[in-house]
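What follows is a short report on a single structure.
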Number of protein chains: 2
Amino acid sequence: MPVAAAAPLPTKRRQASEARRRAILDAAFEIFIAEGFKAARLDDIAKRAGVAKGTLYLFSRDKEDLFELVALDMVAPVLERLTLLAQQTDLPFAALLTGMFSLFEREVLATKRREIFRLIIAEGARFPTIAKFYHREVISRGLALIGGAAGRAHARGEISSDALARYPQLLFGPLLISVVWRSLFEPYQPLDISGMLAAHRDMLLGPAAAKAREP
Amino acid sequence: MPVAAAAPLPTKRRQASEARRRAILDAAFEIFIAEGFKAARLDDIAKRAGVAKGTLYLFSRDKEDLFELVALDMVAPVLERLTLLAQQTDLPFAALLTGMFSLFEREVLATKRREIFRLIIAEGARFPTIAKFYHREVISRGLALIGGAAGRAHARGEISSDALARYPQLLFGPLLISVVWRSLFEPYQPLDISGMLAAHRDMLLGPAAAKAREP
DNA sequence: ATATATTGACTGACCAGCCAGTCAATAATT
DNA sequence: AATTATTGACTGGCTGGTCAGTCAATATAT
């Protein structure tokens, strides 16, 4: 009995097609980031992807559809990691924070992926589909993860306040700040983002925990 | 010698012109907010302002110039208030926070002005002029105000941590969050913004101050 | 040889900016 | 005070360029 008979083996064509798909998504991401939705030109995306304009229409219905594909494609890896983190329900709260911040710094802030949030904020109002998707798949998951963990940590006495359990959004403020700062204000006033995130972490954990950081 | 010969008194013409200027700026704000820079049509702006398209060019050099005028015009009143707050250097820190948050809730979050930040984030990367202006006139002032006050409060023992003095950006995270939430995610998950800001304030002041809130 | 994937010139809608013309408000003249 | 001349703010139809989307022709794989 063949192991994977259902899925047809990749032929030369399929492989080439998949490569083109990636090239197109990457190119589209770059151009959308640089120009915004309306100002982005499909000619430029095609050129950058090394493909004719018509080819774009083999992968997406129209410009809007392409935009959604890009926005959705780019969070996939982060989503995966976030899910893994969420499964570790009995992690000490301090460790969870550290893990999350470091995931953020490595996988979002240090990569071009950091621009996604800017893009969502910029275009989200005009793309309810995207806003809704991001809320459902990323935002609400992140909030639930933090809110739940903070609640448990508060019950165990790890943290003194229940503010984070009630308003998990408070945790994400500085993350948003750091993304925006990088893109807009860094040139005029540099910001030690790692330092800021560490300070934020200490503040969330409360004074006691902050002292414990350096034994 | 005539007292004010240099400045010609406002005639009917000048008054009408000033009224049109306001109408144009307001209309442009609405359209830019709703559509973004590139997608906004000057025809629509003119129509909404009750003015012919050509008239727009009496007040601005081109579309880009108009955008800058709008972005700059809309913060003016907030800037003024912020300056007033900054002059009260010996306010207790808790009072400063309360004042600032309430200014934010009343003058930004509750008005259409709240959309400015979204606009800046959306278009700022393509309008260095705007990003620079906002950094110089709003961001850096707000940060200096908070950073300085937090440093003094820490020295006086009002707050236990010096994190806010070092990273005043931490204060603005939740403000940014609240603006974005309103515009993008409110429909899918309501958020008690006042509650969140109060919790944030307590967290910044530390546990002792939080208890003192209700005597 | 057939089927499928890719191309890129072309079309038509769209829109920023232009500019020749209009007319109410003011100034000059009688 | 009444009449005429001048100004310049305002108008809106037009133009030239731009660009999303199409499709007949071509290239490539099976």
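Just so we're on the same page: letters track the sequence lines, and every chain starts at 1.
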Query raised in the report: A/Lys63 has an atom NZ; how far is it from atom P of D/dC19, in whole Å?
Result: 9 Å
Report task. Would you please say whether a donor-acceptor pair under 3.5 Å links the side chains of A/Thr83 and A/Arg141? Result -> yes
Query raised in the report: In terms of side-chain heavy atoms of A/Asp62, which of D/dC10, C/dT6, D/dG21 is nearest?
Result: D/dG21
Query raised in the report: With sequence neighbours left out, what residues match B/Arg20 under salt bridge (charged side-chain N to carboxylate O under 4.0 Å, His left out)?
Result: none
Requested in this report: Using the salt bridge (charged side-chain N to carboxylate O under 4.0 Å, His left out) rule, collect all pairs that involve residues 186-200 of chain B, keeping only residues at least two apart or in two chains.
Outcome: B/Arg182-B/Glu186
Requested in this report: Give a yes-or-no answer on whether the side chains of A/Arg201 and A/Thr98 include a donor-acceptor pair shorter than 3.5 Å.
Outcome: yes
Query raised in the report: Between residues 35-60 of chain A and DNA chain D, which residues have a heavy-atom gap below 4.0 Å?
Result: A/Ala40, A/Arg41, A/Leu42, A/Lys53, A/Tyr57
Report summary line: Residues B/Arg118 and A/Ile121: closest non-hydrogen pair is NE-O, 3.6 Å
